[in-house]
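Report on one structure; see the data block that follows.
Heavy-atom basis, side chains included; hydrogens, waters and symmetry copies ignored. Just so you know, ligand 1 is whichever comes first in the structure, and atom 1 is the first atom listed for that ligand.
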Amino acid sequence: MRVAVGNDHAGYPLRVPLIELIESSGHQVVSFGTDNEHPVDYPRFAAEVAGAVRDGQADLGVVICGTGIGSSIAANKVEGVYCALCSDPYSARMARSHNNANVIALGARVLGPDLAVDILKTFLETQPSNEPRHVRRRQQVQQIEAGNELAQE
Ligand code: RB5
């Protein structure tokens, strides 16, 4: 898989351990973001990662900032990108399995590197569920994204 990774200055402490995980798992990193702790704005790198996923340059994306909040909000403004902010492996597994999230957001001021690695490992190893109820709900999300009203049940 090709995995796009981007971070701001606050996310930098997780950048190296997460890239090491991706590469040691046999995946290819598509790199965005900064390689130091000099302040930069998170929307730019989040948009770059999300754009790479939208355009098919990457299969999945990882955005890292201080909390993961700003970068997840920014990534979710890109059509076709479903970014989940995760602070535990269970949420990461559900984000892939139930929600088919294609970008994960992580907060480097919230998570230590070992936990962040576990979370991302789970995200990368989990496949989207094909169970009809999950597929139906994802399609409803896409309908909202397209500006359509949801059909009444
Ligand atoms: C930077 O100080 C911080 O605001 C940013 O990394 C992120 O946490 C925003 O949501």
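- For R93, the salt bridge (charged side-chain N to carboxylate O under 4.0 Å, His left out) test picks out no residue, with sequence neighbours left out.
- Any N or O atom pair closer than 3.5 Å counts here, and C65 shares no such pair with ligand 1.
- One N or O on the side chain of N36 and one on the backbone of H38 form a donor-acceptor pair closer than 3.5 Å.
- No donor-acceptor pair under 3.5 Å is formed between the side chain of Q127 and the backbone N or O of S97.
- The protein heavy atom nearest to atom 6 (O) of ligand 1 is D8 OD2, 2.6 Å.
- When only non-hydrogen protein atoms are considered, atom 10 (O) of ligand 1 lies nearest to G70 N, 2.8 Å.
- No donor-acceptor contact under 3.5 angstrom links the side chains of R44 and T34, judged on distance only.
- Protein heavy atom nearest atom 8 (O) of ligand 1, with residue, atom name and distance: T67 N, 2.9 Å.
- Heavy-atom contacts of G66 reach the following atoms of ligand 1: 5 (C), 6 (O), 7 (C), 8 (O) (cutoff under 4.0 Å).
- Side-chain contact of N100 with R138: a donor-acceptor pair under 3.5 Å is absent, judged by distance alone.
- The closest protein non-hydrogen atom to atom 3 (C) of ligand 1 is R109 NH1, 3.9 Å.
- Under a 4.5 Å side-chain heavy-atom criterion applied to ILVMFWY residues, the cluster that includes V78 comprises V30, F32, Y42, F45, V49, V53, V63, V81, V103 as well.
- The contact set between ligand 1 and A10, taken as ligand atoms under 4.0 Å from a residue heavy atom, comprises 6 (O).
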